[in-house]
Amino acid sequence: MLHRQIEERLRAAVAQVAPEADPGAILVRPCPDARFGDYQTNALMALAKARRTNPRQLAQAVADAFDAPGLCDQIEVAGPGFLNFRLTPQALVHSLTEAARGRHLFFATAAAPQTVILDFSSPNVAKPMHVGHIRSTILGDALARTFRLLGHRVITDNHIGDWGTQFGMLLVGWKTLLDPAALERDPIAELERIYRAVNARCSEGKPEFDRTTLEQARGELVRLQAGDAENTAIWRRMIALSQEQFATIYGRLGVRFDHALGESFYNDRLAGVVRELESAGIVRESEGALVAFFDDLPQLQRHPAIVRKSDGAANYTTTDLATLQYRLTTWNPDAVIYVTDGRQQLHFQQVFEIFRRWQPQARVRPAHVWFGSILGEDNRPLKTRSGENIKLADLLDEAEERALQVVAGKNPDLPEPEQRQIARMVGIGAVKYADLLPNRQSDYVFSWDKMLALNGNTAPYLLYAATRIRSIFRKLAESGETFDLATAAAHLTLNEPAELALAKHLHGFDLVLHAVAEEHRPNYLCNYLYELAGQFTGFYEACPVLRAEDPVRTSRLVLCELTLRVLARGLHVLGLELPDRM
RNA sequence: GCGCCCGUAGCUCAGUCGGAUAGAGCAUCUGCCUUCUAAGCAGGUGGUCGCUGGUUCGAGUCCAGCCGGGCGCGCCA
């Protein structure tokens with residue numbers, strides 16, 4: 001990676017001039033404006049301040065000590081003390097040639113691979129997956145793919161909601177209201193129906209309220225918790241039915257999990273966790289419950305956390321603590337990342353703080369990667385017209401349907417099965433991309449028109465840019481020519497501004513991938529790929545490929561293929577599939 | 001009351017952790033299809049980065065206060 005090579009030479013130069021400087025702080029970044037150069041460092045200004053010397057003089061001294069033959073032939077001090085680097089064309093050609101030979105794809109894997117556990121999606125048993133699960137699922141999957149690409153050991157774990165008071169009601173419904181034919185047809189809908197019916201009877205204040213049903217539900221729950229054979233069998237059946245639904249949705253989304261250890265998996269560990277917290281003096285009795293207080297932390301002072309309710313049952317704080325402990329002992333991770341809604345910030349602050357007190361020696365970094373809400377056009381959380389949660393399956397159906405209309409409208413000559421195939425990739429891709437593009441912490445307004453637009457920073461635009469490249473190679477193949485990237489690389493020359501700009505932009509892949517992993521923000525990658533697609537279309541307009549004369553023609557084919565590879569890899573990391581044509 | 005987040009072009013939003021003249025898309029205006037996919041490209045218009053102070057070579061970015069909005073806050077998860 002060119003910027004890493006410059007960084008390395010720069011650190012060597014700084015070490016000569018200022019041996020006390022921290023090499024880790026000496027960073028090289030792309031210039032914001034190509035007129036300044038290709039790369040810059042602003043680290044010397046901070047260093048000059050620390051040494052109380054003139055920043056421009058220091059920069060000049062470092063520039064004089066800087067030696068990178070063949071990499072940068074010009075290096076200059078600018079402004080208050082920037083150092084600007086300009087790549088030699090040979091360095092660029094060499095790097096592209098190496099990429100064409102398969103030595104790299106413009107990124108380096110992590111210097112110190114880590115074990116990262118990603119906890120995301122977490123749907124509930126017996127309920128349809130809905131829009132509330134989409135951001136966690138898509139964001140978590142994109143992060144998992146990013147970490148994997150960078151060489152980390154990644155473990156994805158779906159912490160399914162398969163335990164809790166709702167099962168008392170579900171059991172009553174199963175035993176008294178179940179319609180076997182309906183269960184056969186659409187299991188989740190039937191489970192949802194019986195749950196709603198019983199829930200209404202158990203809700204004081206509702207017209208259907210019926211104390212007998214409420215007591216029945218409590219009784220069924222107690223029997224389930226006690227391990228009653230019949231109830232356990234029904235419960236397992238409900239989980240199995242739900243997992244079929246999850247598998248269907250995840251299949252459509254192309255998301256996979258290494259594990260799906262639900263809440264119930266930790267049931268027999270909860271008492272032990274509570275006992276340990278109690279004996280360690282981390283929790284104490286308060287109003288009948290066991291509670292952790294954080295008097296010394298301003299942020300949590302007023303927000304104690306219950307780990308055992310006054311009825312003796314554990315809650316999700318306890319389950320999350322047991323889960324974290326299990327993950328530590330089982331996988332010994334460096335990081336555990338929870339991808340959830342921002343509304344759970346307080347909860348995770350509490351869990352992490354309790355855990356820190358409980359196991360101060362643990363080296364794991366827990367992280368809460370939170371995101372904002374998906375809003376409807378009315379700026380309220382996205383719902384159906386009647387105020388229900390939108391089912392994920394329905395949303396994906398609509399995405400494919402709308403994409404099909406676009407594809408069929410633009411390209412009516414394609415055979416219908418292919419149109420559907422393309423529409424599937426474009427539609428699902430559009431939903432995913434729309435979710436990954438905004439800064440994850442901001443709320444965003446869900447808009448079919450925007451996500452399926454053909455211009456702007458959208459999935460269709462990016463997929464289209466990639467298929468344009470594929471189209472060039474299809475034309476090439478149709479004329480009976482063969483193209484071998486590694487061999488063709490020998491003919492690489494970069495002369496036109498658009499060629500140089502594209503070649504340089506390919507080298508930004510490394511920085512952006514590491515930034516995504518570091519900050520858990522896939523939107524950086526979205527923006528990078530959009531810029532790359534823009535650079536490519538600029539090149540595509542300015543530089544004819546197939547109509548050019550050799551060796552320029554071959555050289556441009558190399559650029560096309562490398563761009564396609566970066567685009568395809570980047571889109572794949574975001575979880576998007578790439579059609580051959582559109 | 002306490003805490004978290006947000007406020008950037010008419011609209012929707014980026015802004016890689018303090019760097020150089022704040023960027024996209026939409027909308028609007030002007031050009032470009034006998035030429036590898038015009039689902040595209042090039043260019044114009046459009047900004048007191050909520051307000052006020054502070055920190056420093058340098059602030060959309062950090063700190064304090066204020067205004068406006070969203071969300072959360074003991075036995076749901």
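We name chains A, B, ... by the order of the sequence lines, and we start the count at 1 in each one. Quick caveat: nothing in here was measured; it's all calculated off a predicted structure.
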Polar atoms only, N or O, under 3.5 Å: list the protein pairs with nucleotides 75-77 of chain B and their distances.
unit_1, atom_1, unit_2, atom_2, d
C75(B), O2, Ser310(A), N, 2.6
C75(B), O2, Ser310(A), OG, 3.1
C75(B), N3, Ser310(A), OG, 3.2
C75(B), N4, Glu287(A), O, 3.0
A77(B), O3', Glu263(A), OE2, 2.8
A77(B), N7, Tyr316(A), OH, 3.4
A77(B), N6, Tyr316(A), OH, 2.6

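Remark: Arg357(A) engages Asp296(A) in a salt bridge, criterion side-chain N to carboxylate O under 4.0 Å. Taking 4.0 Å as the cut-off between side-chain N and carboxylate O, Asp378(A) and Arg380(A) do not count as a salt-bridged pair.
Here Phe82(A) counts as stacked on A20(B): its ring centre is under 5.5 angstrom from the base ring centre and the planes meet at under 30°.
Comparing U37(B), A20(B), U12(B) against the side chain of Gln40(A) picks out A20(B) as the nearest. Of the candidates G40(B), C36(B), A20(B), the closest approach to any side-chain atom of Asn84(A) belongs to A20(B). Nearest to the side-chain atoms of Tyr524(A) among the listed nucleotides U37(B), A39(B), U16(B) stands U16(B). Considering only side-chain atoms of Asp443(A), the nucleotide from G70(B), U37(B), G3(B) that sits closest is G70(B). Ranking U21(B), C13(B), C2(B) by closeness to the Ser442(A) side chain, first place goes to C13(B). Proximity note for Arg547(A) (side chain, C-beta onward) versus G74(B), U35(B), A14(B): the nearest is U35(B). In this structure, the nucleotide among C4(B), A14(B), A38(B) sitting nearest to the side chain of Asn523(A) is A14(B). Nearest nucleotide to the Pro80(A) side chain, out of U37(B), A20(B), G19(B): G19(B). In the set C71(B), U16(B), A39(B), the nucleotide with an atom closest to the side chain of Arg380(A) is C71(B). Nearest to the side chain of Met45(A), among U21(B), C2(B), C57(B), sits C57(B).
Counting non-hydrogen atoms under 4.0 angstrom, Pro544(A) reaches a base of the nucleic acid. Looking at heavy-atom distances under 4.0 Å, Cys543(A) makes contact with a base. Asn439(A) comes within 4.0 angstrom of sugar-phosphate atoms only, judged by non-hydrogen atoms across all strands, and of no base. Counting any heavy atom pair closer than 4.0 Å across all strands shown, Lys49(A) reaches a base atom. Residue contacts shown for Ser122(A) are absent, as no nucleic acid heavy atom lies under 4.0 Å away. Across all strands shown, Ala48(A) has no heavy atoms under 4.0 Å from either base or sugar-phosphate atoms. Heavy atoms of Tyr540(A) sit under 4.0 angstrom from at least one base atom. Base engagement by Phe293(A) is indicated by at least one non-hydrogen atom pair under 4.0 Å involving a base atom. Among the protein residues, Asn527(A) comes within range of the sugar-phosphate backbone only, with heavy atoms under 4.0 Å from sugar or phosphate atoms but none that close to a base.
Looking at Arg470(A), its side chain has no donor and acceptor atom pair within 3.5 Å of the base of U37(B).
The same atom, C1', is picked in U55(B) and in C63(B); the two are 7 Å apart, to the nearest Å. Between U61(B) and G40(B), the distance separating the two P atoms is 35 Å to the nearest Å. Comparing U8(B) with G15(B), their C1' atoms are spaced 9 Å from each other, to the whole Å.
Looking only at distances, a side-chain donor or acceptor of Thr318(A) sits under 3.5 Å from a matching main-chain atom of Val307(A). Here the side chain of Ser203(A) pairs a donor or acceptor atom with the backbone of Asn199(A) at under 3.5 angstrom.
Base orientation at C51(B) is anti, since its O4'-C1' glycosidic dihedral falls outside 90° of 0.
The side-chain heavy atoms of Leu564(A) and Arg470(A), taken from C-beta on, include a pair separated by under 4.5 Å. Side-chain contact between Leu513(A) and Tyr528(A) is absent, with no heavy-atom pair separated by less than 4.5 Å. Residues Val351(A) and Tyr338(A) are not in side-chain contact: their nearest non-hydrogen atoms beyond the backbone lie 4.5 Å or more apart.
Remark: RNA chain B takes part in the stems B:1-7 with B:67-73, B:10-13 with B:23-26, B:28-32 with B:40-44, B:50-54 with B:62-66, each of 3 or more antiparallel Watson-Crick or G-U pairs, criterion distances under 3.5 Å.
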* To do: Go through His514(A) and Phe107(A) one step at a time and tell me if the ring-ring contact (aromatic ring centres under 6.0 Å, His included) criterion holds.
  => CA-CA 9 Å; His514(A) 288 277; Phe107(A) 68 93; 7.8 Å; no
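For C2(B), the OP1/OP2 oxygens have no side-chain nitrogen or oxygen of Gln301(A) closer than 4.0 Å. Phosphate proximity of A38(B) to Arg468(A): present, with a side-chain N or O under 4.0 Å from OP1 or OP2. Checking the phosphate oxygens (OP1, OP2) of C36(B), no side-chain nitrogen or oxygen of Ser471(A) falls inside 4.0 Å.
The aromatic rings of His159(A) and Tyr266(A) sit tilted, their planes meeting at an angle between 30° and 60°. Ring geometry, Tyr316(A) versus His347(A): the interplanar angle falls under 30°, so the pair is classed parallel (tilted spans 30 to 60°).
Where Glu541(A) and Lys475(A) each meet RNA chain B at their nearest nucleotide, the meeting point lying more 5' is that of Lys475(A). Nearest-nucleotide assignment on RNA chain B puts the 5′-proximal partner with Trp370(A), out of Gly534(A) and Trp370(A).
Geometric assessment of Arg468(A) against the ring of Phe536(A) yields a negative cation-pi assignment under the 6.0 Å and 45° thresholds.
Looking at residues two or more places apart in sequence or on another chain, you find a ring pair (Phe, Tyr, Trp, His ring centres under 6.0 Å) between Phe483(A) and Phe473(A).
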